[in-house]
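Worksheet: the structure to be examined is printed underneath.
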Amino acid sequence: QVQLVESGGGLVQPGGSLRLSCAASGDIFSTYLMGWYRQVPVKQRELVASITSTDNTNYADSVKGRFTISRENAENTVTLQMNSLKPEDTAVYYCTLRNIVRYYWGQGTQVTVSS
């Protein structure tokens, strides 16, 4: 049983910032990567950012230069710093962890960017 708990979502004005955090617990065995996906109605869930066990990062083109993913001191904790937020960033953000078996998912946290 792997559990992912997200925090930090909310309402912010365009140009503002939010910081999302995700903590994983349970029978993980070995983490290959952790990351964030986002989803809006009628759209496919899309990768926002990920970070591997060797700290290699990957970002969606739409967030490069604005978002930064990083590991916290705890190995299975990840943070997404979101700056210069745009209305099109509005979505439910899902934390994910991949190990040797599969991807695991959090419940999601709402991010709304609006004036």
Side-chain angles (χ1 to χ4, degrees):
Q1 301 292 335
V2 175
Q3 183 176 7
L4 301 174
V5 179
E6 303 112 326
S7 62
L11 174 65
V12 66
Q13 293 183 331
S17 298
L18 284 174
R19 183 179 177 90
L20 305 182
S21 295
C22 176
S25 62
D27 194 11
I28 299 170
F29 291 103
S30 181
T31 300
Y32 289 173
L33 65 83
M34 294 186 71
W36 292 90
Y37 285 67
R38 66 186 181 188
Q39 188 171 31
V40 298
V42 195
K43 296 292 185 180
Q44 182 178 348
R45 188 175 296 185
E46 66 174 356
L47 173 70
V48 178
S50 64
I51 183 166
T52 69
S53 60
T54 56
D55 291 327
N56 188 36
T57 58
N58 188 35
Y59 296 92
D61 288 342
S62 60
V63 307
K64 287 180 179 177
R66 299 188 297 119
F67 292 8
T68 303
I69 191 168
S70 61
R71 291 184 175 274
E72 299 296 322
N73 194 27
E75 182 176 352
N76 291 318
T77 301
V78 68
T79 297
L80 184 68
Q81 179 66 46
M82 304 186 294
N83 298 326
S84 302
L85 283 161
K86 304 175 180 179
E88 52 263 43
D89 295 318
T90 296
V92 178
Y93 284 69
Y94 296 89
C95 179
T96 190
L97 179 153
R98 182 178 184 266
N99 66 9
I100 194 170
V101 179
R102 55 164 288 184
Y103 282 86
Y104 300 90
W105 297 94
Q107 291 293 105
T109 185
Q110 177 69 46
V111 171
T112 302
V113 184
S114 176
S115 60

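- Distance alone, capped at 3.5 Å, is enough to place a donor-acceptor pair between the Thr90 side chain and the Val113 backbone.
- When every heavy atom of Ala91 is checked against every heavy atom of Gln110, the shortest pair comes out as O-NE2, 3.4 Å.
- No donor-acceptor contact under 3.5 angstrom links the side chains of Thr79 and Gln81, judged on distance only.
- Taking every heavy atom of both residues into account, Asp55 and Arg71 meet most closely at OD1-CD, 3.4 Å.
- Rounding to the nearest 0.5 Å places OG1 of Thr109 at 10.0 Å from OH of Tyr94.
- The pair Arg19-Glu72 counts as a salt bridge, with a side-chain nitrogen and a carboxylate oxygen less than 4.0 angstrom apart.
- With contacts defined as side-chain heavy-atom distances shorter than 4.5 Å, the pair Tyr59/Thr57 qualifies.
- Taking 4.5 Å as the limit, every side-chain heavy atom of Ser50 sits out of range of all side-chain heavy atoms of Trp36.
- Scanning both residues, Ile51 and Ser70, for their nearest heavy atoms gives CD1-CA, 4.2 Å.
- Contact between Leu85 and Arg66 at its shortest, heavy atoms only, is CA-NH1, 3.9 Å.
- The side-chain heavy atoms of Val63 and Arg38, taken from C-beta on, include a pair separated by under 4.5 Å.
- Using bins of under 30°, 30° to 60° and over 60° for the plane-to-plane angle, the ring pair Tyr93/Phe67 lands in the tilted bin.
- Between Met82 and Val111 the shortest side-chain heavy-atom distance falls below 4.5 Å.
- At a threshold of 4.0 Å, the pair Asp61-Lys64 counts as salt-bridged, since one of the basic side-chain nitrogens sits closer than that to a carboxylate oxygen.
- Between the side chains of Ser30 and Asn99, no donor N or O sits under 3.5 Å from an acceptor N or O.
- Residues Thr31 and Ser53 approach most closely at O-CB, 3.3 Å, considering heavy atoms.
- A donor-acceptor pair shorter than 3.5 Å cannot be found between the side chains of Ser114 and Thr112.
- The two atoms that bring Gly8 and Leu18 nearest to each other are O-CD2, 3.9 Å, heavy atoms only.
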